[in-house]
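Both ligands and their constituent atoms are indexed starting at 1 by order of listing. Everything numeric here is computed off the predicted structure, so don't read it as measured data.
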Amino acid sequence: MMKTDILRMGFLLAAASGAFSSGVMAADRPNVLFIAIDDQNDWIGHLGGHPLARTPHLDQLAAQGTTFLNAHCQAPLCNPSRTSLMLGLRPTTTGVYGLAPWFRTLEEWKDRVTLAQHFKAQGYRTLTVGKIYHSGVGGPQQRAKEFDVWGSAGGIGVKPDKKLIPPTPMGNHPLMDWGVFPHRDEDKGDYQVASWAIEQIESAPRDQPFFLAAGFFLPHVPCYATQRWFDLYPDDDSVLPIIRADDRDDTPRFSWYLHWNLPEPRLKWVRENNQWRNLVRSCLACTSFVDAQVGRLVDALRRTGQLDNTIIVVWGDHGWHLGEKGITGKNTLWDDGTRVPLIFAGPGITPGGRCTQPAELLDIYPTLIQLCGIEPRSDLEGISLVPQLRDASTPRERPAITSHNQGNHAIRSEHWRYIRYADGTQELYDLRTDPHEWTNLADRPEYAQVIADHAKWIPKIDVPPAPGSAQRVLTYDRDTDEAVWEGTTVRRGDPIPE
Ligand SMILES: [Ca+2]
Ligand SMILES: [Ca+2]
């Protein structure tokens, strides 16, 4: 017997008897570079959401790996989307629908093992920088459960002295701002997030795999960028998204309740204040800036010889409207609000895969477990995407499901979007002929079967908001037909806030 065989035998026996720590077991596992982009809609070159979007690094990564062209968040808002992804549970299971609560404050979920925590338990060195969770994660003690090393919280970075745009409705929220002003890219939070992550990649111990989570803040508002990123986009109306002025005529009134009264201005305001083009260009400029930061991270892996042994996953937490359906912002159940980039690249992933099957952010947790060959979990609600990462044409039976507060759900299959609101009103779109979701087909009798086929996927578990829920929380009582938005009753005759 060769010496190496004896060593191997000894390793296997020790492993079988549990004598080795999981750290030793993990030594031959691939690294994970887990990249989040905040509020990143489908305005990504290869996703085709905006014909002028310039994202060469994300497109290159997609070509190196497999990209999901029909991926959707589980909630169209930061905290519930990120909580769902990291816990592997739907918002309808946890009741986390709003910007609060933080899940560790909930008796039922305070000990839940998150994605990063599972990798840590399996012997990975776990690191985080920038925005992974929505806000503070309960201090160093709570954070240490999941991450061995943490960098800065990232965020906006350098800001102008005062807002660049006129005062916005609903209280002139400080985050509602955008535009170009003189500053240096190096002083932006996202540049520094990337720089910190690059240092970690360069100094990573080679005898232990890492799980490095880097969360970019842009193109979240305030979306400021330097002139060079604006110069990628024409300063004329050719940058504006295609919209229909009467688009909301056939959407139920209840659709407004999901974004009833928000700091994000309506299209009417951005037009009247000559801000539509500026907002669109700002968002595109920030998207290209973040794309360049993703490029810096991938380059660091390549330079240090770790690219071939690292699973890279890039995801956005939800979409963002820029005038479509009369609004800006999130909190909707249409493609503009739910569709996100989702790209995997690395060992075991087929290069050049473009998957049109529905995928959910919820699927990231079991997918990474399988790709890295670590201990599976039986308590996850997602389904591994590994079959699609091997062959992008592999069918998936389950559609992508997005929920926004109890009772409001969107079911997105390969060709259709079905929405049902808490008051029973509905929408149906045929994405093959109507990619902008302009024509609601729900009332046409010939589509009754399509609706039935999709309605069966509405989550069976659909719990009310968890204790401490706040901000963007909507409840509805069917018996009294009373909707309550952020604590205020909305009546059928109330005018839609402008
Ligand atoms: Ca977000
Ligand atoms: Ca319409």
Side-chain angles (χ1 to χ4, degrees), residues 35-43 71-86 91 96-100 130-135 153-156 173 175-176 189-190 193 213 215-223 241-256 259 262-264 267 283 286-287 290 314-342 361 402 404 410 417-419 421 425-431 433-444 471-472:
I35 301 173
I37 309 179
D38 205 1
D39 288 19
Q40 181 62 66
N41 61 11
D42 61 4
W43 288 12
H72 301 272
C73 61
Q74 273 48 81
L77 186 64
C78 297
N79 186 48
S81 174
R82 289 160 184 261
T83 301
S84 167
L85 190 162
M86 295 301 283
V96 176
Y97 299 111
L99 296 182
K131 183 170 172 180
I132 296 300
Y133 288 106
H134 171 62
S135 59
I156 303 165
H173 197 287
L175 291 181
M176 287 308 132
D190 288 339
V193 162
F216 295 116
F217 171 81
L218 292 170
H220 194 292
V221 287
C223 36
I242 305 166
I243 62 155
R244 269 180 61 160
D246 63 352
D247 201 1
R248 294 301 281 266
D249 290 359
D250 64 352
T251 67
R253 175 177 166 84
F254 206 92
S255 69
W256 286 102
H259 40 261
L262 285 170
E264 291 90 341
L267 174 62
C283 183
C286 289
T287 295
V290 170
V314 180
W315 55 276
D317 63 348
H318 50 75
W320 224 79
H321 287 243
L322 286 107
E324 305 95 336
K325 296 210 158 37
I327 59 167
T328 71
K330 40 213 170 190
N331 300 283
T332 83
L333 292 174
W334 300 294
D335 251 30
D336 293 316
T338 72
R339 191 178 181 218
V340 290
L342 179 60
L361 294 179
T402 307
H404 196 29
R417 170 175 296 274
Y418 170 65
I419 300 173
Y421 297 103
T425 52
Q426 310 177 101
E427 293 171 55
L428 179 72
Y429 299 98
D430 182 345
L431 276 292
T433 57
D434 183 17
H436 300 288
E437 299 177 330
W438 281 334
T439 307
N440 179 8
L441 305 169
D443 290 339
R444 302 190 191 176
Q471 295 188 288
R472 319 302 179 257

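Below 30°, between 30° and 60°, or above 60°: for W256 and H259 the angle between ring planes is above 60°, a perpendicular geometry.
Partner of Y421 under the side chain to side chain donor-acceptor pair (under 3.5 Å) criterion, chosen from Q426, E427, H404: E427.
For the Ca ion (ligand 1), protein N/O/S neighbours under 3.0 Å (waters excluded) are D38 OD1, D39 OD1, C78 SG, D317 OD1, D317 OD2, H318 NE2. Ordered by chain and number, D247 O, D247 OD1, D250 OD1, W438 O make up the set of protein N, O or S atoms under 3.0 Å of the Ca ion (ligand 2).
For the 3.5 Å distance criterion, the side chains of S255 and R248 qualify, holding a donor opposite an acceptor. With no hydrogens or angles considered, no side-chain donor-acceptor pair links E324 and W334 at under 3.5 Å.
Between R82 and D38, at least one side-chain nitrogen of the basic residue sits less than 4.0 Å from a carboxylate oxygen of the acidic one, meeting the salt-bridge criterion. Ionic pairing of R417 and D335 is present here: one or more N-O contacts between side-chain nitrogen and carboxylate oxygen are shorter than 4.0 angstrom.
Two residues are said to be in side-chain contact when any heavy atoms from C-beta on lie closer than 4.5 Å; L77 and L99 meet this criterion. Using a 4.5 Å heavy-atom cutoff, the side chains of F216 and I35 are in contact.
Contact between L361 and G316 at its shortest, heavy atoms only, is CD1-O, 3.3 Å.
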